[in-house]
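First the structure, in the form of structure tokens, and then the observations on it.
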Amino acid sequence: MSAPLIADRIAFRLSWEDLDPSAISSLVRMARAEDLAGFGLARQPAQSGDVTSKALGKGDQPASARLMAREDLVVSGLPLIPLILSAYGEGGQFKAAVEDGQHCPTGTSLGTLKGPSGLLLQAERVLLNFLQKLSGVASMTHRYVDALGDSPTRLLDTRKTTPGFRVLEKYAVACGGGFNHRIGLFDRVMLKDNHLAAEGAQHGPALADLVRNTRGKWPELLVELEVDALEQIPPGLGAGVDVFLLDNFQVDDLRKAVGLIGQKAATEASGGITLDNLPTLANIGLDFISTGATVHQSTWKDIGLDWN
């Protein structure tokens, strides 16, 4: 398989329809339980539920509120809102004014919430937590994609995700214009440095044999090999590696690696990727650049729920 075909097979973006509603709903229920019942505490609280709303009463009164972008952002997570509202009871409704992946300047209305006032008050914080976090990931991803300019090199995410939130964070990366790397350990053979060390197969024939053995075990899956030296590339090529992960290579060595590999395999640079060096890396001829920074360096975006 040629490098362009391999790259096209790798380059996918999760859509909301790709996510399991039951798994997402379980996260919502856990977040609700944290707020209302102290989920995670060794000792249960003396009271449960929203004691403030109970004290105020009149929780069944109809109410409405608007979600507002209080800073520029790329929005992500709007399809979560109906799932969150339904976790708190009946009667909650959400009408979106924008779509996930859309750039929203400060002051943009993201949508309108309607329902019993008690339901909206209880759901507010959990709803905003999800939306602010995912919009932060999407917005940071957009910055990285924008730094690549019109380069054909595509931005990938990694498995450096918040435990339990992987598919949501990867979905947010897709909303920001990035592409998704493998979802987990199950959907690609990826021989990393510690695999090579554990097998004593960092170089030469031993490395080539390890690649061939893994390909024979999983012929239907792509095989990716992490290398940190140019000398590891020829045995990998000879064994039929599909993708080379070029880990922490200097720019000059990246150029040499791309020249060595040619169209025989896809190329991915990783390690030390920043917004500052992306414009340089964009012109080397790489198929992909991967970074976890779109998730672990992202900051929550300021989104408000304004009562009407």
May I have the step-by-step check of side-chain contact (heavy atoms from CB on, under 4.5 Å) for Y171 and N180, ending in yes or no?
CA-CA 8 Å; Y171 167 74; N180 302 125; over 6 Å; no

Can Q93 and L113 be said to form a side-chain contact (heavy atoms from CB on, under 4.5 Å), step by step?
CA-CA 6 Å; Q93 301 174 21; L113 298 156; over 6 Å; no

Passes side-chain contact (heavy atoms from CB on, under 4.5 Å), F94 versus L85? Steps please.
CA-CA 8 Å; F94 174 66; L85 295 177; 4.1 Å; yes

Should R212 and D209 be marked as a salt bridge (charged side-chain N to carboxylate O under 4.0 Å, His left out) after you check the CA-CA gap, both sets of side-chain angles, and the distance that decides it?
CA-CA 5 Å; R212 291 190 187 99; D209 287 343; 3.4 Å; yes

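Nearest heavy-atom pair across A174 and R13 is CB-CB, 3.7 Å. A282 and S151 get closest at one heavy-atom pair: O-OG, 2.8 Å. Closest of all the heavy-atom pairs between D287 and A266 is OD2-CA, 3.2 Å. Listed here is the closest heavy atom pair of E34 and F39: N-CB, 3.6 Å. Taking each heavy atom of G200 and A206 in turn, the nearest pair found is O-CB, 4.0 Å. When all heavy atoms are compared, the tightest approach of P105 to H103 is CD-O, 3.7 Å.
Side-chain atoms of V295 and F165, non-hydrogen and from C-beta on, never get closer than 4.5 Å to each other. Side chains of Q122 and D35 form no contact here, defined as non-hydrogen atoms less than 4.5 Å apart. Here the side chains of T153 and L278 are not in contact, with every heavy-atom distance at 4.5 Å or above. The shortest side-chain heavy-atom distance between H181 and K170 falls under the 4.5 Å cut-off. Proximity of L67 to L128: side-chain heavy atoms (C-beta onward) are separated by under 4.5 Å at one or more points. Contact annotation: the side chain of V189 never approaches that of K217 to less than 4.5 Å [non-hydrogen atoms, C-beta and beyond]. Counting only heavy atoms from C-beta outward, the side chains of L131 and L80 never approach each other to under 4.5 Å. Using a 4.5 Å cut-off on side-chain heavy atoms (C-beta onward), D72 and C104 make no contact.
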Output a table of donor-acceptor pairs, distance under 3.5 Å, between side-chain atoms of residues 230-250 and any protein atom two or more places apart or on a different chain; print 'none' if there are none.
unit_1: E231; atom_1: OE2; unit_2: H203; atom_2: ND1; d: 3.0
unit_1: Q232; atom_1: OE1; unit_2: D228; atom_2: N; d: 2.8
unit_1: Q232; atom_1: OE1; unit_2: A229; atom_2: N; d: 3.2
unit_1: Q232; atom_1: NE2; unit_2: Q202; atom_2: O; d: 3.0
unit_1: D242; atom_1: OD1; unit_2: R215; atom_2: NH2; d: 3.3
unit_1: D242; atom_1: OD2; unit_2: R215; atom_2: NH2; d: 2.7
unit_1: D242; atom_1: OD2; unit_2: V223; atom_2: N; d: 2.8

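With N277 contributing its side chain and G272 its backbone, the two residues share a donor-acceptor pair below 3.5 Å. Of the possible donor and acceptor atoms, none in the side chain of S139 sits under 3.5 Å from a partner among the backbone N and O of G136. In this structure, R154 contributes its side chain and G178 its backbone to no donor-acceptor pair below 3.5 Å.
A single hydrophobic cluster is not seen to contain both L168 and W300; linkage of ILVMFWY side chains at heavy-atom distances under 4.5 Å, directly or through other members, places them apart. In this structure, F179 is not a member of the same hydrophobic cluster as I289, with clusters built from ILVMFWY side-chain heavy atoms closer than 4.5 Å. Taken together through direct or relayed side-chain contacts under 4.5 Å among Ile, Leu, Val, Met, Phe, Trp and Tyr, L5 and V258 form parts of separate hydrophobic clusters. Taking hydrophobic clusters as Ile, Leu, Val, Met, Phe, Trp and Tyr residues chained together by side-chain heavy-atom distances below 4.5 Å, V227 does not share a cluster with L156. In terms of hydrophobic clustering, with Ile, Leu, Val, Met, Phe, Trp and Tyr side chains grouped at heavy-atom distances under 4.5 Å, F130 and I303 are assigned to a common cluster.
Using a cut-off of 4.0 Å between Lys/Arg side-chain N and Asp/Glu carboxylate O, R182 and D187 are scored as not salt-bridged. The pair R143-D146 does not meet the salt-bridge criterion, since no charged nitrogen lies less than 4.0 angstrom from a carboxylate oxygen. Under a 4.0 Å N-O distance rule, the pair R255/D252 qualifies as a salt bridge. A salt bridge links K133 with E169: the distance from a Lys NZ or Arg NE/NH1/NH2 to an Asp or Glu carboxylate oxygen falls below 4.0 Å. A salt bridge links D306 to R70: one of the charged nitrogens lies within less than 4.0 Å of a carboxylate oxygen. Using a cutoff of 4.0 Å between basic side-chain nitrogens and carboxylate oxygens, R166 and D157 are not scored as salt-bridged.
The distance from atom CZ of R29 to atom CG of L83, rounded to the nearest 0.5 Å, is 10.0 Å. Remark: I284 CD1 to K256 NZ distance equals 12.5 Å, nearest 0.5 Å. For the atom pair CE (M190) and CZ (R159), the distance works out to 8.5 Å, reported to the nearest 0.5 Å. With rounding to the nearest 0.5 Å, the separation of CG in L120 from CH2 in W307 is 4.5 Å. The line from CZ of F288 to CD of E224 is 9.0 Å long, rounded to the nearest 0.5 Å. R125 contributes atom CZ, which lies 13.5 Å from atom CG of D50 (distance to the nearest 0.5 angstrom).
Crowding of E99 atom CD: a count of heavy atoms from other residues, nucleotides or ligands under 6.0 Å not exceeding 12.
If you check the side chains of S290 and T158, you find no donor sitting under 3.5 Å from an acceptor. D20 and S22 share a side-chain donor-acceptor pair at under 3.5 Å.
None of L119, N129, L305 except one satisfies the side chain to side chain contact (heavy atoms under 4.5 Å, CB included) rule with E124; the exception is L305. Only one option out of P79, S15, S135 pairs with D100 in a side chain to side chain contact (heavy atoms under 4.5 Å, CB included); it is P79.
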